[in-house]
S.K.: 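After the structure tokens below, expect a handful of questions from me.
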Amino acid sequence: MKPHPLLFLMLALALSSCSPNVDSSGAFTEVTPVTLQQALIPMPVSLTPGEGNPFVITAETGIYVEGDSEEVLRIAGFLADVLRPSTGYPVPVERLAGEAPAGAIVLRTGLNDATLGAEGYQLTVAETGVTLAANEPAGLFRGIQTIRQLLPPAVEQPTVQDAEWAIAPVQITDYPRYEWRGAMLDVARHFHGVDRIKRYIDLLAYHKMNRLHLHLSDDQGWRIEIKSWPKLTEIGGATAVDGDPGGFFTQEEYADFARYAAERYVTIVPEIDMPGHTNAALSSYAELNCDGVATEPYTGIEVGFSSLCVDAEITYRFVDDVVREIAAITPGPYFHIGGDEVETLTQEQYNGFVERVQDIVQSHGKIAVGWDEIAHARLLPTTLVQHWASDSAAAAIRQGARLIMSPATHAYVDMKYDDSTPLGLNWAGNTSVEDGYSWDPIDLLPGVTDENVAGVEAPLWTETIKTMEDIEFMAFPRMAGNAEIGWSPREGRSWAEYQHRLALHGARLSALGVNFYRAPEISWLP
Ligand code: TNX
């Protein structure tokens, strides 16, 4: 019998790189030659190669859904939509009546396995078929990303490819380490519209990430329509850094991409940064200023100079209107109140503002999130604190608040990779792909354990970022590292091993058309 072509691919990869084995406890410690399967990002909790011939997608392959859930049918359709363009096969999606035919891909929910949680899944690949099972639909959606990565990278191409669509036999059990695996996009410094938001959501979902935090307002721009305060977008929405064009989302556009995100099990987290970073609002409405005079629009990149008038009652009517309107179009449970870098208020004024705004957020049914600095105020037990640079994490933990870890020195994808990077800033230092991967949420701050950590988030501030190509260049490949830190077990993660998986992952990013940074220290595979 002729050796299967997949063997050649596996051999080629074995010669080019190394990766660890996964032992029964799920730890991947022992270094052996990499296979295509072990190049998954994020690395699954446990992966056991099976025996026998691979499963091959052919013109006959269909996706079958057990049970009568519309949601699972839609998820099956998502997989079919990935497979059809590149394979050129019809890939029908059907409800399963009786036994699955040989060579089928079967999706099933209702596993009832507590370790898997809402997002975990079990995947079994054999020559005779593929079974993906989960407790919840969200787990199936995460598992589908694994199926995509088990196939040749060309599966992501938008046109028909000449490839053998084979997956070697394998058994995977997988679930996330943290519930919050996020990215933040600053649409205030430069505006990035609906198409870019959707593309970013697609790329996050591909890496099993589940939060997109949008920084919707700052000194240079206000980006979300507020019907009760229309000048916010009329005046505040017109500007951007460097005098570049402004822009804003209508509420209908926001609701549209929030729905798109939800279909991919990504939660939109809206941020209105306050009391500082508010010049766009202060220039739109004179009455938000303590002296009653509207400020000039601002297009520079300094921080810390602006603040809402925290001693004026109208400020709280304003905040209440803004939070109410945004909360009403936000399906997720969170509202981010910013709170960073205020240099013009006393601590007492700042704390009083944060405490009142936190209550307003709660009154509109949302959980408050804020940057580090809010930990100096009295926090509600549900409030989340996003760590970025200061040492207020201790104050947050003392109050029982959980942390979202976005250490600027590791997780900020707006930092330059090295001195030659044309885009980005470097106030937190250059952040190589290795720096972006080689950290762990519980190693950075004293006294922090997994109990204190909701998860990980990678912010992209856009002072220098103007296009989708720019976004992709700064976010990738570092975002893949953040995705793995948020999802994969801490045990056994190492740069020495990860860089080999990343080398292959580059071929997937290329097939997805991502303008990623080809870090010279990685031996990228074509
Ligand atoms: C600090 S991080 C900021 C942002 C800037 C960013 C640039 C944080 C909470 N505030 O206003 O855009 O640095 O890297």
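Whatever order the structure lists them in is the order used to number ligands and atoms, beginning at 1.
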S.K.: Just jot down the ligand 1 atoms closer than 4.0 angstrom to any heavy atom of Y412, in number order.
M.R.: 2 (S), 8 (C)
S.K.: Which atoms of ligand 1 are found less than 4.0 Å from any heavy atom of M415?
M.R.: 14 (O)
S.K.: Does one side chain, of W388 or E457, offer a donor that lies under 3.5 Å from an acceptor on the other?
M.R.: no
S.K.: Going by heavy-atom distance to atom 13 (O) of ligand 1, choose the closest among W371, W427, W461.
M.R.: W427
S.K.: Nearest protein heavy-atom contact for atom 3 (C) of ligand 1: which residue, which atom, what distance?
M.R.: E341 OE1, 3.4 Å
S.K.: Would you name the heavy atoms of A395 and A375 that are closest together and state the gap between them?
M.R.: CB-O, 3.7 Å
S.K.: List every atom of ligand 1 that sits less than 4.0 Å from any heavy atom of L425, numbering the atoms from 1 in the order shown and giving each element.
M.R.: 7 (C), 14 (O)
S.K.: Which residue and atom name correspond to the protein heavy atom nearest atom 12 (O) of ligand 1, and how close is it?
M.R.: E463 OE2, 2.6 Å
S.K.: Considering only NZ, NE, NH1 and NH2 on the basic side and carboxylate oxygens on the acidic side, decide whether E497 and R501 come within less than 4.0 Å.
M.R.: yes
S.K.: With a 6.0 Å cut-off on ring centres, are F516 and H505 close enough?
M.R.: no
S.K.: With heavy-atom distances below 4.0 Å as the criterion, list the atoms of ligand 1 near D414.
M.R.: 7 (C), 14 (O)
S.K.: Taking the non-hydrogen atoms of Q386, is any one of them nearer than 4.0 angstrom to ligand 1?
M.R.: no
S.K.: Where is the tightest heavy-atom contact between T267 and P333, given as atom of each residue plus distance?
M.R.: CG2-CD, 4.1 Å
S.K.: Ring of Y417, cation from R478 - is the NZ or CZ under 6.0 Å from the centre and inside 45° of the axis?
M.R.: yes
S.K.: More than 12 foreign heavy atoms under 6.0 Å from CD of E302: is that the case here?
M.R.: no
S.K.: Can you report which non-hydrogen protein atom sits closest to atom 11 (O) of ligand 1, along with the distance?
M.R.: R189 NH2, 2.9 Å
S.K.: Please list the nearest protein heavy atom to atom 9 (C) of ligand 1 with its residue and the distance rounded to 0.1 Å.
M.R.: D340 OD2, 3.1 Å
